[in-house]
Trainee: 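Structure provided below as structure tokens; questions to follow.
Throughout, a chain's letter reflects where its sequence line sits, starting with A, and its residues are numbered from 1. Note that the structure is a prediction, hence the values are computed from the model and not measured.
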Protein chains: 2
Amino acid sequence: MNEAFQALGDPTRREILRLLRKRDMTAGEIAAQFPLARSTLSGHFNTLKHAGLIVAEKSGTSIVYSLNVSALEQTAAAVMELFDVGRNGKRARR
Amino acid sequence: MNEAFQALGDPTRREILRLLRKRDMTAGEIAAQFPLARSTLSGHFNTLKHAGLIVAEKSGTSIVYSLNVSALEQTAAAVMELFDVGRNGKRARR
DNA sequence: TCGGTATTTCGCCAACCACCGAAATAATGG
DNA sequence: CCATTATTTCGGTGGTTGGCGAAATACCGA
């Protein structure tokens, strides 16, 4: 969970997730969208994969990345838990 | 928004938010809950404040911190936006 | 105004992070 | 088996970050 938040802390990584929201893409396709070295993007993929936010699958000579929706759901739930259910009724609803 | 995610990336800061979820607290009260130097905690307060996640209000010689619920709501919404509304219907619902 | 309590600001340091280019690995086509 | 294409791993660098103790600031009560 900690790793997921840290992963989301970088704009490039959030943009990668945004791209994958539309469709699965290969590492090269994703890298082509950024003015960064491929090795740099590869590092971001690794971070996101480690955080469980994306999934990699080999396809021939390429690697296809896709969103792990349930991990993102859990992360959103964790943020909500941070402000929801204040125990003494002070901000119980919403 | 970027700052909010980075702020949530640190476990100590998330714990601070968790404490403030229960009730507003002074800097000293919060600091007493951690095995860290007050100056270190002060830095965390600053980060959270800068990210808009908490609000500070002077009260005599103390400073009372409280959650900024709406900022946390927006952050949760941003996470959800990352996996929700895939435009081509692939994962349109949920 | 002085002393005390609460909090922040200020160097400082070690660890981490994003970035790069170059070299290494993996898989396909010929 | 070799060349090509896709991707990762490696070594290095500058900038950021979390931690500290000490000094500075702010406010109150006597």
Trainee: Between A:Y65 and D:dA6, is there a contact of a side-chain N or O with OP1 or OP2 at under 4.0 Å?
Mentor: no
Trainee: Between protein and nucleotides 11-22 of chain C, map the contacts as a letter string: B base, S sugar-phosphate only, - none, heavy atoms under 4.0 Å, written 5' to 3'.
Mentor: -------SBBBB
Trainee: Do the non-hydrogen side-chain atoms of A:E3 and A:M1 ever get within less than 4.5 Å of each other?
Mentor: no
Trainee: Hey, could you give me the OG/CG distance between B:S66 and B:L53, rounded to the nearest 0.5 Å?
Mentor: 12.0 Å
Trainee: Which whole-number value in Å describes the distance from B:K49 NZ to C:dT7 P?
Mentor: 12 Å
Trainee: So do B:R14 and A:F5 actually touch side chain to side chain, heavy atoms under 4.5 Å?
Mentor: yes
Trainee: With the 4.5 Å side-chain cut-off for hydrophobic clustering, are A:M80 and B:L19 part of the same group?
Mentor: yes
Trainee: Among residues 53-61 of chain B, which ones have heavy-atom contacts with DNA chain C below 4.0 Å?
Mentor: B:T61
Trainee: Round to the nearest Å and state the distance from B:F45 atom CZ to D:dG18 atom P.
Mentor: 14 Å
Trainee: Please list every donor-acceptor pair under 3.5 Å in which a side-chain atom of residues 28-43 of chain A meets a protein atom from a residue at least two apart or in another chain.
Mentor:
| unit_1 | atom_1 | unit_2 | atom_2 | d |
| --- | --- | --- | --- | --- |
| A:E29 | OE1 | A:T26 | N | 2.9 |

Trainee: Are side-chain heavy atoms of A:L67 and A:R21 found at a separation under 4.5 Å?
Mentor: yes
Trainee: Are the side chains of B:V55 and B:N68 in contact, using a 4.5 Å heavy-atom criterion?
Mentor: yes
Trainee: Does the separation of the ring centres of A:F45 and A:Y65 fall below 6.0 angstrom?
Mentor: yes
Trainee: Over how many whole Å does the gap from B:I63 atom CD1 to D:dT25 atom P extend?
Mentor: 15 Å
